[in-house]
Amino acid sequence: QLQLVESGGGLVQPGGSLRLSCVASGSIFSRYAMSWYRQAPGKQRELVARIISGGITNYVDSVKGRFTISRDNAKNTVYLQMNSLKPEDTAVYYCNGKWGYDYWGQGTQVTVSS
């Protein structure tokens with residue numbers, strides 16, 4: 001049982017940066033593999049970044065070199081630092097925790113536009 005709350009989304013110009021945060025509660029956070037997904041209108045949900053409990057990270061090719069996922073187990077928090085943002089990054093971003101079952105936050109809107 002895990003509760004997830006995202007924050008940090010908003011409107012940003014192309015080339016700008018945002019940092020998303022996901023605060024977890026209700027379970028033992030360090031056991032969970034944590035991920036960020038996104039979904040744009042008319043498109044499938046896409047895995048953006050994942051950090052496994054051991055610290056290994058993976059990224060979808062389109063964000064490699066621009067996004068960084070990290071976790072602070074002492075704060076029960078996962079972050080997604082997003083740099084050099086593009087209009088194609090516009091989507092609702094969802095925090096996900098997995099340890100047998102999948103748990104989801106409500107999402108936070110990221111809009112990249114001038």
Side-chain angles (χ1 to χ4, degrees):
Q1 195 162 271
L2 190 70
Q3 294 82 47
L4 303 171
V5 179
E6 304 98 329
S7 63
L11 175 65
V12 65
Q13 293 180 255
S17 297
L18 286 173
R19 189 182 74 160
L20 306 183
S21 298
C22 173
V23 179
S25 61
S27 193
I28 303 174
F29 176 74
S30 61
R31 293 180 176 178
Y32 288 80
M34 301 300 299
S35 300
W36 289 96
Y37 288 76
R38 67 186 180 187
Q39 188 163 25
K43 295 188 177 181
Q44 292 183 230
R45 184 183 63 186
E46 175 185 43
L47 174 63
V48 178
R50 173 174 289 150
I51 183 164
I52 299 170
S53 59
I56 298 171
T57 59
N58 293 99
Y59 302 90
V60 66
D61 286 345
S62 61
V63 309
K64 285 183 177 178
R66 300 189 297 121
F67 291 10
T68 303
I69 188 170
S70 61
R71 67 192 296 165
D72 186 339
N73 288 340
K75 297 181 179 179
N76 288 359
T77 303
V78 174
Y79 305 96
L80 185 67
Q81 178 67 47
M82 304 186 294
N83 298 326
S84 301
L85 282 161
K86 304 175 180 179
E88 304 93 276
D89 297 316
T90 296
V92 178
Y93 284 71
Y94 297 94
C95 183
N96 168 271
K98 188 179 182 69
W99 191 59
Y101 294 95
D102 282 293
Y103 300 90
W104 297 91
Q106 291 295 309
T108 185
Q109 176 71 50
V110 172
T111 303
V112 185
S113 177
S114 58

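Computed from a predicted structure; not experimentally measured.
- Among all heavy-atom pairs drawn from Ser84 and Asp89, the shortest one is O-OD2, 4.5 Å.
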If you apply the rule side chain to side chain contact (heavy atoms under 4.5 Å, CB included), what do you find for Glu46 with Val60, and how did you get there?
CA-CA 8 Å; Glu46 175 185 43; Val60 66; 3.6 Å; yes
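- Judged as a salt bridge (charged side-chain N to carboxylate O under 4.0 Å, His left out), and not counting sequence neighbours, Lys75 has no contacts.
- We find that Asp61 and Lys64 are joined by a salt bridge, their nearest charged nitrogen and carboxylate oxygen being less than 4.0 Å apart.
- In this pair, Phe67 and Tyr93 present their aromatic rings tilted. The plane angle is within the 30 to 60° band.
- The two residues Tyr32 and Ser27 come nearest to each other via the heavy atoms OH-OG, 3.2 Å.
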Side-chain donor-acceptor pairs under 3.5 Å in residues 4-20, sequence neighbours left out?
residue : atom : partner : partner atom : Å
Glu6    : OE1  : Gln106  : N            : 3.0
Glu6    : OE1  : Gly107  : N            : 3.0
Glu6    : OE2  : Cys95   : N            : 2.8
Glu6    : OE2  : Gly107  : N            : 3.2
Ser17   : OG   : Asn83   : OD1          : 2.9

Begin from the C-alpha positions of Gln3 and Val23 and carry the test side chain to side chain contact (heavy atoms under 4.5 Å, CB included) through to its verdict.
CA-CA 8 Å; Gln3 294 82 47; Val23 179; over 6 Å; no
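- Here the OH-CD distance, from Tyr101 to Gln1, works out to 12.0 Å after rounding to the nearest 0.5 Å.
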Side chain to side chain contact (heavy atoms under 4.5 Å, CB included) between Lys86 and Arg66: does it pass, once the steps are laid out?
CA-CA 10 Å; Lys86 304 175 180 179; Arg66 300 189 297 121; 3.9 Å; yes
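- Minimum interatomic distance between Cys22 and Met34 (heavy atoms only, all atoms of both residues): SG-CE, 4.4 Å.
- Residue Ala91 comes nearest to Arg38 through the heavy atom pair CB-CB, 3.8 Å, listed as atom of the first residue, atom of the second, then distance.
- Atoms OG1 and OH, on Thr68 and Tyr79 in that order, are 14.0 Å from each other to the nearest 0.5 Å.
- Distance OG/Ser35 to CG/Asn58: 9.0 Å, rounded to 0.5 Å.
- Across all non-hydrogen atoms, the minimal contact from Leu2 to Ala24 is CD1-CB, 3.9 Å.
- When hydrophobic side chains of Ile, Leu, Val, Met, Phe, Trp and Tyr are connected at separations under 4.5 Å, Tyr94 ends up clustered with Tyr37, Leu47, Val92, Trp104.
- A donor-acceptor contact shorter than 3.5 Å links the side chain of Thr90 to the backbone of Val112.
- Minimum heavy-atom separation, Ala49 to Tyr59: CB-CD2, 3.6 Å.
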